[in-house]
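In what follows, a structure is listed as C-alpha cells, so that the remarks can point back to it.
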Amino acid sequence: MSSITLTNVWKSYGEVHVVQDFSCQFHDQEFVTLLGPSGCGKTTLLRLIAGFEKPSSGMIAIGKRTVSGPEDFLAPEERGIGMVFQSYAVWPHMNVADNVGYPLKIRHVPARERKERVQEILAAMGLAGLGKRMPHELSGGQQQRVSLGRALASSPQVLLLDEPLSNLDAKLRESMRFEIKEMQKRFGITVVYVTHDQTEAMAMSDRVIVLKDGCIQQVDSPSRLYLEPANAFVADFVGKVTFLPAWAEKGQIAFSEGHNLAYTGTKQGRVRVAIRPENIRLRTDGGILPGILAHTQYLGDVNDCRVAVKDATGNDIQVRVLLPGKTFGHFHQGASVWLDFEDFLVFDANESTDLGKA
Amino acid sequence: MPHGIFHPLSHGFHAKPESAARIWPFDLKTLLIAGIVAFLLLFTVFPMLYLIYRTFIGEQGFTWEAFTRIYTYPLNWEALSNTLITASLAMIFGVLIAFPLAWLVGRTNLYGRTFFRTLFVMTYMVPPYVGAMAWLRLLNPRVGTLNLWLMDVLGLAQPPFNIYSIGGLVWVLTTFYYPYAFITISRAMENMDPSLEEAARISGASPLKTVMTVTLPIMLPSIVAAALLVFISAASCYGIPSIIGAPGQIDTVTTRIIDYVYVGSAEGLSDATSLAVSLMFLANLVLFASTFLGNTNQYTTVSGKSTRPNMVDLGRMRLPLTLLVIIFALVVVVLPFVTVALTSVTQNLGKPLGLDNVTGRFWKILVTRQGIADTASNSLIAASVAATAGMIVACAMAWLLTRTQARGRRIPDLLITLGSGTPSVVIALGLIMTMSGRFGINIYNTLTIMIIAYMVKYQLMGMRTVVSAMSQIHPSLEEAAEISGASWIRRFWDVTLPLIAPSVVAGWFLIFMPSFYELTMSTLLYSANTKTIGYELYTYQTYHSQQTASAIATGILLLVIVVNALLHKLTKGRFSI
C-alpha cells in the first residue's frame with residue numbers, strides 16, 4: 001500500500017503561507033497531478049512529500065507510515081521514494097549505469113543483481129547499450145530518461161515528478177507524456193506530478209489538483225475539471241474560456257436588452273457566463289448575440305476567431321471562437337455575425353479569475 | 001546576432017572597406033588589442049624572458065652553469081625544500097579546512113552562516129604579514145602570549161609552540177591562504193545545481209554519503225584548482241617567511257632571492273635571477289595545470305528553476321559544529337587581529353598588557369611621523385593609479401572578450417593571467433633587470449615602476465570582475481539601444497556602464513587594496529623617495545618598533561574592513577579572485 005495522505009498541511013515562511021491547510025489522499029497506484037500557475041505552492045507540496053521541506057504544521061503519511069508530523073520527521077533518504085527533477089539532476093561524474101544503479105548501491109544490493117536490474121531499467125527506458133556513456137554525451141531527452149530510470153531503480157512505491165518535461169522540446173514532450181504514463185502502469189506506482197501545463201495534466205492524470213495561492217481549488221478527474229470546473233479560476237486555467245458579464249433571473253440569462261439565453265440553474269443577479277471557444281457556433285442568420293468578426297487566424301487544424309460583442313453597458317468584449325480549419329474563408333474580417341452557444345457555465349460575478357503571476 | 005542588420009561594431013571585422021565609418025571600429029579594436037599586448041609584452045613577458053636568458057645564456061651560448069652553481073649551495077636546496085614543504089602542507093591543510101567550512105557555510109543550517117561567510121572572505125583581503133606579526137607575538141617561544149597562557153593553564157614547564165619553525169610557518173601560511181580555497185570552493189558550490197544533491201538524498205543517501213559520493217566528486221576540479229592556488233600563493237609569499245623565517249633562520253626561495261638582490265653585486269643579481277627562474281617555472285606549471293582543469297566543462301549541467309539549495313539539517317550536530325566554527329574563527333581571525341591591535345597600544349612588550357602598560361604613543365607616531373605619512377601617500381598614489389589604469393584596461397578587455405569577435409582578443413587575457421600567476425619577487429626582479437637603463441628604459445627608483453609592477457600582478461582580479469559582470473549582460477540589451485538609434489558611446493554610457501558600474505568599482509578596489517599594502521615587490525623596487533607603507537611597516541616591525549608596525553597594521557586592517565564592507569555591498573560577496 002502506498003497511498004499518500006496529507007492532513008491539514010501548512011507551510012509558511014513568516015507571514016507568507018505557501019501551502020494552506022492542504023488535506024488530500026492520493027490513492028495507491030494513482031496518478032495525481034498538482035496543477036497551477038507559478039507560485040501556487042505545487043513544488044513546495046512536492047518537496048514536502050519528498051522531505052526536503054518540513055511542514056509548518058500538519059501530517060504527511062506514506063502508506064501507514066507518518067513521514068512528517070509534529071513528532072516524526074523522516075529524512076528524504078528514509079522515505080523510499082523516487083523523484084525526477086526539473087533539471088534532471090543526472091550526476092555529471094558518473095556514467096549512465098552508475099547513475100541508474102546509485103539507489104541500489106546505497107541499499108547494498110549485490111553487484112550482480114544490481115547490474116541486472118540496471119540493464120532491465122535501461123532497456124525499459126530505451127537506453128540499452130548506453131550504460132557506459134557519460135551524461136554530457138547524452139541529449140536532453142536521454143538525460144531525462146536516465147533521471148526517470150534512476151528514480152525507478154529501487155522499485156519505489158511512490159514517484160514524484162517536478163515539471164520533468166519543461167526543458168524538453170514540444171515533440172519530445174508529447175511522446176514522453178505517453179512514456180511516463182506507460183511506466184506508471186507497468187511499475188504500478190503512485191505518481192505525484194507537478195506541472196503548470198494543463199495539457200500535460202489532462203493527458204496523464206487520474207486526478208488533478210488545481211492550486212492557487214497555496215489553496216486547493218478543485219480535485220477531480222481531467223474531464224470533470226474541464227466540464228464542471230468548481231470556480232471561474234479553474235475554468236480559466238484549465239482550457240480556454242471567454243467570460244461575458246450578464247444578469248441571471250429564473251429561466252433565463254440576459255446579456256443585454258433583448259439578448260437572452262435559456263437557463264435552468266439557480267444563480268440570481270449579476271453573473272459571469274463562461275463559454276469555451278469550441279462550444280460557440282458562428283451564424284449569419286441570427287443567434288444569441290450579434291458581433292463583428294474582429295480577427296480570424298488560420299492554424300491548420302482550426303480557424304481561430306475573435307468576435308467583438310457588446311455587453312449591457314456598451315463595452316467591447318472579444319469572444320474567442322474555434323472553428324474547424326476548413327471553415328477559414330467562410331467568414332471575412334469585419335463581417336457581421338451571430339454567436340450561438342451550445343454549452344456554457346455560469347459563475348458569480350465577484351469570483352476572481354486572476355491568475356496571479358501566471 | 002542577427003545577420004543582415006547593419007551592425008558596425010560586431011561585424012566591423014568583416015566590414016567592407018567602403019566607408020570610413022565602417023572601417024574605424026575595426027581599427028579601434030586592433031589598436032586596443034595591440035596597445036594592451038604591447039604593454040604586457042614589454043612589462044610582463046620581456047622581463048620574464050630576460051630572466052630566463054640571463055640564467056641560461058652564457059658567453060658560449062646555452063649553459064646550465066648559473067643554474068647548477070646556485071644549487072651547489074646547500075642553503076638554496078634547503079630554501080627550495082622549505083618552500084615546497086611549507087607550500088604543500090599549507091595547501092593540504094588549507095583545503096582540508098576550506099572544503100568542510102564551505103560546505104557548512106553554504107549547504108547546512110549552521111548558525112550564523114552568512115556572518116561566517118563574510119568573515120572568512122574578508123580575511124582574504126588582509127595582508128599576510130599582519131598574520132605573521134600577530135602569531136609572532138602569540139607563539140614566540142620565550143614570550144609568546146599564547147605560549148605563556150597555555151603554560152599557565154596546562155601547567156607546562158616548556159612553551160608548547162615555537163613560531164620560528166617549519167610548523168610555525170605552515171600554520172601562518174595556512175591560516176592566511178585557506179580563504180583563497182574557501183572562496184574558490186564556495187563559489188563552485190553555489191554554482192552547483194542543488195538538485196544534484198537532492199537526487200542523492202532521495203535515492204537513499206545520508207547527508208554525509210551525499211557529500212562523499214556526489215558533492216565532493218563534482219567539486220573535484222574546483223578543489224584541485226583551489227589547492228593549486230593556495231600552493232602557489234604560499235610558495236610565492238615573502239611577507240610571512242620574511243617576518244617569521246628570518247629570526248628562525250628558515251629560508252625560503254623568496255627570502256633567498258631578496259637576500260641575493262640585497263647583496264647588490266652582479267653575482268648576487270645572477271644568483272637571484274637563477275632562483276627566480278626556478279620559482280617562475282614552478283608557478284607557471286601550476287598556472288597551466290589549473291587553467292587546464294578550469295576548462296573541463298563536461299561537468300556543466302542543465303540548470304533547473306532556481307530553487308534555494310536545500311539546507312542540510314545538522315540536527316543534534318548543529319550546535320557543536322557551530323561552536324567548532326566559532327572556535328576556528330576566534331583562533332584564526334579574531335585572535336591575530338586583536339593581538340595586532342593590542343600590540344599597537346602596549347607600552348612594554350615584555351610585560352603583560354594591563355592598565356599600567358597601555359599607551360597611545362604609537363598611534364601618535366602613526367599620525368604625526370612624516371616618514372609614515374610620506375610612505376602612505378606614495379602607496380595611495382601608486383595604488384590609485386594602478387587601480388585606475390588597471391580598470392581602464394579591464395573595461396576594454398571586457399568589451400573585447402564579451403562583445404567582439406576581434407582576432408587576438410584572447411592574447412591579452414592570456415598575458416594578464418600569466419602576469420598574475422607569476423610570483424611577485426619574479427615580477428619585481430624582472431623589472432629591475434630590464435627597466436633600469438639596460439634597454440633604453442630607466443624607470444628604476446620611480447613610482448612608475450611600482451605602478452607597473454602592481455598592475456602586472458593584480459590586474460587579473462579587476463578584469464575578471466568586470467568580464468563576469470559584462471558577460472551577464474545579454475547583448476540584446478545593447479542591441480535594443482542600438483536599434484533605438486544610440487551610437488556606441490551612447491550605448492555604453494546609457495546601458496552598459498550603469499549595469500557594470502558596481503563591478504567596476506569593486507574591481508578598482510580589488511586592485512587598489514593589495515597594491516596599497518604591497519610588501520614583496522615594494523621591497524625590491526623602492527627608492528629613498530618611493531618607499532611604500534608596506535615596506536615602512538616591515539622596517540618598523542623588523543628593526544625599530546613592533547608597536548608602531550602594529551599601529552600601521554591596525555590602520556590597514558580597518559581600511560580592509562571598510563573596503564570589504566563596500567565590496568560586499570557592491571557585489572553581494574561574489575567578486576572574483
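Order of the sequence lines sets the chain letters (A, B, ...), proteins ahead of strands, with each chain counted from 1.
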Checklist entry - Nearest heavy-atom pair of B/G204 and A/I106: which atoms, and what distance? => result O-CG2, 3.1 Å
Checklist outcome for this item: Nearest heavy-atom contact between B/L196 and A/P92 is CD2-CD, 4.1 Å
Checklist entry - Are any non-hydrogen side-chain atoms of B/S203 and A/E77 less than 4.5 angstrom apart? => result no
Item to check | Minimum-distance pair of heavy atoms, taken over all atoms of B/S195 and A/A89 | outcome: O-CB, 3.3 Å
Checklist entry - Do you know which of A/K54, A/E137, A/R150, A/E78 has the most heavy-atom pairs with chain B at a distance under 4.5 angstrom? => result A/R150
Checklist entry - Which bit of A/R79 is near chain B, if near means a heavy-atom gap under 4.5 Å: side chain, backbone, both or neither? => result neither
Item to check | Reported OG1-to-CH2 distance for the pair B/T215 and A/W91, which is rounded to 0.5 angstrom | outcome: 10.5 Å
Checklist outcome for this item: When every non-hydrogen atom of A/Y102 is compared with those of B/A205, the smallest separation belongs to OH-CB, 3.4 Å
Checklist outcome for this item: Closest heavy-atom pair, A/M94 versus B/V214, reported as atoms and distance to 0.1 Å, is CE-CG2, 4.5 Å
Checklist entry - Backbone N or O of B/L216 within a donor-acceptor pair of the A/H93 side chain at under 3.5 Å? => result no
Item to check | Separation of B/K209 NZ from A/K105 NZ (nearest 0.5 Å) | outcome: 7.5 Å
Item to check | Straight-line distance of B/E198 CD to A/F85 CZ, nearest 0.5 Å | outcome: 5.0 Å
